[in-house]
Amino acid sequence: YIFHVTYHHRCFHHCDCGKRATPVIMRQALRFGRPLLGVVAVPAVAQLDTRKPSECDGFFGSKGCPTAKKVQVVTPTPSDIDISHSVPLTPVKEVFIKTFGLKEEDLYSYGPYKGKLSLQVYDKLKDKPNGHYIVVCGINPTPLGEGKSTTTVGLSQALGAHLNQKVLTNIRQPSMGPTFGIKGGAAGGGYSQCVPIEDFNLHMTGDIHAITAAHNLFAAAIDTRWYHENTSSAEGLWNRLCPKDKSGKRSFEPSMYARLEKLGLGHKKGDPDSLTKEEIEKFVLLDIDPDTITWRRVTDCNDKYLRNVEIGRSPSEFSKRQSKQLSRESSFAITVSSEIMAVLALASDLKDLRDRLGRMICCYSKSGVPLTADDFGITGALAVLMMDALPPNTMQTLEGTPALVHAGPFANIAHGNSSIIADKLGLKLVGKEGYVLTEAGFGADMGGEKFFNIKTYYSGLKPDCAVLVCSVRALKLHSCEAPKVVAGQSLSKEYLEENVDLVEKGTANLVAHIQNLRKHGVQVVVAINRFHTDTDAEHEVIKRVAKANGAFDAVVSEHFSKGGAGAVDLGKAVMAACKAGSDFKLLYDAKKDSIKTKISKIVTEVYGGSAVTYSEKAEKVIERYEKDPAIRSLPICMSKTQYSLSDDPKKLGAPKGFTINVKDIYVSAGAGFLVASLGDITFIPGLPIKPAYYKIDLDFSSNPPKVVGLS
């Protein structure tokens, strides 16, 4: 019966039993595998569509999204999770099969409403032309966020459910830390969200758990190796790493070949007994300098008490050989800050994923040699843990347009974009006239700049258009004359009443972002995310200033309260911008420009600064990196505050003439970029006095129970 519910839902409207079940009960029954009483579920999904199946199948012809449907909105707008539960959903396999002509074997199910897309689909479609490529970014946000994800989803619904276009939405998977903390989830909001909201914001298909497992396995390997090198002799390590078999012969594991090649001993990988005593010591002794270990353990939870910890305090970590406790200070980070997350987002295929994992640097030897996953012989194990996370996750928007949810690196400490694989697959799936929307984290100076100069640098893809999301609230803040916006506190009256003057002054931040995006040669459409406190006069100021400063168009969008219908004008503007064409270009030449030149171009041409200074530590690191062609040629990932164009979160608006100070610089060799740290960045958030988890629970008044309180 459960199979019948899942597969034959389109014919439910022919049943005349007269009973009704809410969409959420249908979905929870499928989620928990519980049979529904009688046939109570049968008519419910019928309300999804009143057309006959034959009409549905050809409604959009070969162009649009056959499973797309317009939702009826309610005023005032209910909570996100109530909206998510109120709308009947199409099984996600059907969404992708009907929209893109895929086959059953191209899709893997994790229940009826989430799954994965086979990477083999790209091989089948590799000769097909790409669709239009649109990146959605924003101005510098307030701590409340300005609705980038919501805009991305709303635009997708407008294109697919209202404008008859083939569209695919690619967004990042959220961390559960903020979901249960202060920010909440990242599925969008109102009538523009990725659904089911609980699947999206919680475990999805386990990708983040896979990253946690892989990352912490590597962390355990590092400390364990340090322990054994301090408690065993080189001979003891050799006999354990390459033991003799029953015939007295030794053999290297294939996972050891990379280290042998690094040591210039690759020609001896077939004959371990040919190694000299000195070569054996070089092979088995990584000679780890514990003060250089940068590989923190991770957890997908906000927990500030893990920011500084001491590990190795057990009696089992005492070295009798050296008569000392092998403990050290360390810290935890949130899982999505792991380099493995960035590796997942930037990998082009499984082989590239494994190669990138092998290049990850975790620490240095006492002689200054970088030590990688390959040196620890753990690359293969990491790849095995990550292989099922590489295919992107299939979901849908509230109005039935397809979505790929994949990877979730932060934009202030990493590059802040969803995966290259999802974008490449999407552009082939939608075809020449279709549209792929991909979201870049935080402002255009953060995820946007990194989208252009890191993500497209590796993918080779060329975007056609950038959607720049702004809000009246954020622009008032950037006037530098309005009170602070503080998460969890009520907004000041300046944000609740019309104030055209504040908005106009704050557009300086908007203009800076428009000009930054135009420097990359793409058309810019400004999306004004409407809040109920906005006025038409405030919107007119934004439109006038945006168009006068290089925007292709500026459009008010009401997707939060109206769904795709509220973003139709935005959809039309984006379609027109894509037709107008672009001349995409990178900001710098990663291979030819020096490290300092690349940093300077970002600071002066994107941030609006006038100069860059470097700490003594950063100067020494750059000097060393410049001597290594492989590191010198990497793109730059700036690690800074998201709230300002500068490195000071208090400098709002569009500050000019400031100096940026690079405090530190380190290489994420697996991800493939150099991280320039401009300040103190917290790698694991804390919890507020009243975290979001106070509202999250199970409602047992329905059968089966439903999740409540997620946003």
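Please read these numbers as outputs of a predicted model, since none were measured by experiment.
- Side-chain contact check for Glu439 and Ser149: at least one donor-acceptor pair (N or O, by modelled atom type) lies under 3.5 Å.
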Exercise for the section: Give the intermediate values and the outcome of salt bridge (charged side-chain N to carboxylate O under 4.0 Å, His left out) for residues Asp223 and Arg328. Expected result: CA-CA 10 Å; Asp223 286 307; Arg328 65 181 183 88; 2.8 Å; yes

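- Paired with Thr299 under the rule side chain to side chain contact (heavy atoms under 4.5 Å, CB included), one option of Leu306, Ile334, Thr212 passes, and it is Leu306.
- Ring geometry for Phe673 versus His415: interplanar angle of 30 to 60°, hence tilted.
- Of the N and O atoms on the side chains of Asp352 and Ser348, at least one donor lies less than 3.5 Å from an acceptor on the other residue.
- Across all their heavy atoms, Ala611 and Val603 have their closest contact at O-CG1, 4.0 Å.
- In this structure, Glu619 places its CD atom where more than 12 heavy-atom neighbours from other residues, nucleotides or ligands lie under 6.0 Å away.
- Figure legend: Lys640 and Tyr607 shown as a cation-pi pair, the cationic atom lying under 6.0 angstrom from the six-membered ring centre and within 45 degrees of its axis.
- For His478, there are no ring-ring contact (aromatic ring centres under 6.0 Å, His included) partners two or more places apart in sequence or in a different chain.
- Within the cation-pi definition used here (under 6.0 Å to the ring centroid, within 45° of the axis), Arg296 qualifies as a partner of Phe683.
- Arg624 and Asp628 are not joined by a salt bridge, as no carboxylate oxygen comes within less than 4.0 angstrom of a charged side-chain nitrogen.
- Minimum heavy-atom separation, Ala474 to Ser471: N-OG, 3.1 Å.
- Residues Ile421 and Ala347 approach most closely at CG1-O, 3.4 Å, considering heavy atoms.
- The CD1 atom of Ile208 lies 14.0 Å from the NE2 atom of His215; values are rounded to the nearest 0.5 Å.
- Atom CG of Asp593 is separated from atom OH of Tyr588 by 9.0 Å, given to the nearest 0.5 angstrom.
- Inspection of the Asn516 and Asp445 side chains reveals no N or O donor paired with an N or O acceptor under 3.5 Å.
- Using a 4.5 Å heavy-atom threshold, the side chains of Ile684 and Lys304 count as separate.
- A donor-acceptor pair is defined here as one N or O able to donate and one able to accept, closer than 3.5 Å; no such pair exists between the side chain of Asp374 and the backbone of Ala258.
- Scanning all heavy atoms of the two residues, the minimum distance from Ser156 to Val167 falls at O-CG1, 3.5 Å.
- Applying the side chain to side chain contact (heavy atoms under 4.5 Å, CB included) test between Val621 and each of Ile665, Ile631, Ile595 identifies Ile665 as the sole match.
- At least one cation-pi condition fails for Arg172 and Phe451: the charged atom is not both under 6.0 angstrom from the six-membered ring centre and inside a 45 degree cone around its axis.
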Practice task
Begin with the C-alpha distance, continue with both residues' side-chain angles, and end with the deciding distance and a verdict on salt bridge (charged side-chain N to carboxylate O under 4.0 Å, His left out) for Asp664 and Lys617.
Solution key: CA-CA 6 Å; Asp664 193 10; Lys617 179 182 179 182; 3.4 Å; yes

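- Under 3.5 Å, the side chains of Asn308 and Ser331 contain no donor-acceptor pair of N or O atoms.
- Remark: of the listed residues Arg359, Arg354, Arg356, Arg356 is the sole one forming a side chain to side chain contact (heavy atoms under 4.5 Å, CB included) with Val343.
- The minimum heavy-atom distance between Asn417 and Ala345, with the atom names listed, is O-CB, 3.8 Å.
- No side-chain N or O of Ser639 forms a donor-acceptor pair with one of Ser677 less than 3.5 Å apart.
- Geometric assessment of Lys596 against the ring of Tyr614 yields a positive cation-pi assignment under the 6.0 Å and 45° thresholds.
- Side chain to side chain, Ser175 and Asp300 meet the donor-acceptor criterion of an N or O pair below 3.5 Å.
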